[in-house]
Amino acid sequence: MDEPAVAPPGESPAATPAPFRLIERLFVPICVAAGALGLALPGPEFLNAAIYPVLFAMMFLSCLSLPVGEIGRHLKRPWLLAWLVLFSMVLLPLAGYGVARLAFPAAAAAILILIAMPGGMMNSSLAGLCGGDAALALVGTGVTTLACPLTVPLLLWFAGIRPEHAGSAAAHFGRQALWLSLFVFIPPCLAALVRRAAPGTVARAVPSLRGVSVLLLSFLVYVGLSRCRAPLEAGKGAWLEGAKILAVLFVLSGVLHAAGYFLAFGRNVRERIALSVNVAYMNNMLGFVFALKFFGNRPEFILPLVLMEFPMHIWLAPLRAFGRRALGREAAGGGKIGTYYSF
């Protein structure tokens, strides 16, 4: 996941310090360990108060470390971006919810929220790691993030999923849209201001920020699974239910990878890998905190949203291997590199 920092003109990007580089490389084991610790030794209640500021800090640091160069060519093709938003933020969530209602109704609402979340803030790094177009992944994350304050409340309203507290459908829609807007718009705006005020400091700090984001993410995983410990202690059946949810999420993640890759025929392999990453690597922790805010400490919501962290990143290895082979075949065959359909 190493990616050069964006340095000001005349300065070379700073190198990632060894401890933070190690944290990035051990990303999946750290998150797995955090989840296991949350189930084995649930944290004290006061940690729950840190969930919102930690999510905000993680999104701010992720925005601060995003590479913002070379994205102009993708912004000139609005139809692809519009199709990405429609497909990944509306059609796929509704399809997933419909299938889940039939096959796994207990987790259907959580699966709708999960798939409806925007692309993750580290998607440009993940796309680059797999041989994809990091700039397209960055733009895709941006447009889906901007859309989610509208699409997520609309999908919940359409599906008839209401928060526990009283209120009209319009009031629920307004509260959810406002809450999502705060987490979606403030971190990137604040990051842009900091970049503008202190570009040199940001360039030197960026290589370490991804490692800090991993630690913040592992904290959210720990707290999320801590909240699921009590319901899972209900007996053997509860643990089996949790294992079933994890298996469903592995299948779902694989389907999302394939759906993203075949999202736009005629694109070159690098772009299709980026689209696969945008669809399959959603901001599930935003979904976790959103569900916690509006649906309370209910394991049928929390558990799928937190557990999705593991299938997403275990599928990363097959995606990297597939990307290497596909790029090799494309190059050997004269490929479609640099050729695009009009949209």
Side-chain angles (χ1 to χ4, degrees), residues 1-17 19-21 23-24 50-78 80-82 84-85 117-129 132-150 177-217 219-220 274 277-278 281-283 285-286 289:
M1 293 170 61
D2 286 346
E3 185 176 285
V6 180
E11 292 188 24
S12 57
T16 304
F20 293 103
R21 189 163 60 245
I23 290 171
E24 290 182 46
I51 290 175
Y52 297 108
V54 167
L55 175 66
F56 187 91
M58 187 175 73
M59 294 189 69
F60 166 70
L61 294 179
S62 296
C63 290
L64 200 61
S65 61
L66 288 175
V68 293
E70 299 184 10
I71 64 174
R73 62 189 175 93
H74 296 296
L75 294 175
K76 295 175 182 177
R77 292 181 291 165
L80 174 62
L81 301 178
L84 173 63
V85 170
M117 285 295 113
M121 291 295 174
M122 300 178 76
N123 278 3
S124 61
S125 293
L126 296 178
L129 184 69
D133 189 325
L136 176 58
L138 174 59
V139 175
T141 295
V143 295
T144 54
T145 299
L146 292 175
C148 82
L150 176 63
L178 176 61
W179 188 91
L180 284 167
S181 296
L182 292 175
F183 276 94
V184 162
F185 295 121
I186 294 178
C189 291
L190 186 59
L193 289 175
V194 173
R195 276 180 180 271
R196 187 175 181 85
T201 302
V202 170
R204 290 188 292 272
V206 159
S208 303
L209 296 184
R210 290 187 293 272
V212 176
S213 295
V214 169
L215 295 178
L216 294 176
L217 175 61
F219 172 82
L220 292 176
V277 169
N278 271 130
Y281 294 82
M282 70 289 291
N283 195 337
M285 282 301 150
L286 177 63
V289 181

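Here the side chain of Arg195 pairs a donor or acceptor atom with the backbone of Leu64 at under 3.5 angstrom. The backbone N or O of Ala137 lies less than 3.5 Å from a partner atom in the side chain of Asn278, making a donor-acceptor pair. Counting only distance, with no hydrogens or angles, the side chain of Asn123 and the backbone of Tyr281 share a donor-acceptor pair below 3.5 Å.
Considering only heavy atoms from C-beta on, Pro118 stays 4.5 Å or farther from Thr141 through its side chain. In this structure the side chain of Val184 reaches within 4.5 angstrom of the side chain of Cys148, judged on heavy atoms. Side chains of Leu55 and Met59 form a contact here, defined as non-hydrogen atoms less than 4.5 Å apart. In this structure, Ile186 and Phe56 have side chains that are in contact, with non-hydrogen atoms separated by less than 4.5 Å.
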Verdict with supporting geometry, Met282 and Thr144, side chain to side chain contact (heavy atoms under 4.5 Å, CB included): CA-CA 10 Å; Met282 70 289 291; Thr144 54; over 6 Å; no
Stepwise side chain to side chain contact (heavy atoms under 4.5 Å, CB included) test for Arg204 and Thr201: CA-CA 5 Å; Arg204 290 188 292 272; Thr201 302; 3.5 Å; yes
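Nearest approach of Ala203 to Pro207, heavy atoms of both residues: O-CD, 3.4 Å. For Ala274 against Ala127, the heavy-atom pair with the smallest separation is CA-CB, 4.3 Å. Residues Ala177 and Pro149 approach most closely at CB-O, 3.3 Å, considering heavy atoms. The shortest non-hydrogen separation linking Ile23 to Leu215 is CD1-CD1, 4.0 Å.
A distance of 8.0 Å separates OG in Ser62 from CG in Asn283, rounded to the nearest 0.5 Å. For the atom pair CG (Leu80) and CG (Leu136), the distance works out to 6.0 Å, reported to the nearest 0.5 Å.
A ring-ring contact (aromatic ring centres under 6.0 Å, His included) check over residues 185-210, counting only residues at least two apart or in different chains, returns nothing.
By the ring pair (Phe, Tyr, Trp, His ring centres under 6.0 Å) test, Phe183 pairs with Trp179, sequence neighbours left out. The side chain to side chain contact (heavy atoms under 4.5 Å, CB included) test applied to Ala50 returns Val54, Phe219, not counting sequence neighbours. For the side chain to side chain contact (heavy atoms under 4.5 Å, CB included) test, residues two or more places apart in sequence or in another chain that qualify with Val212 are Phe20, Leu61, Leu216.
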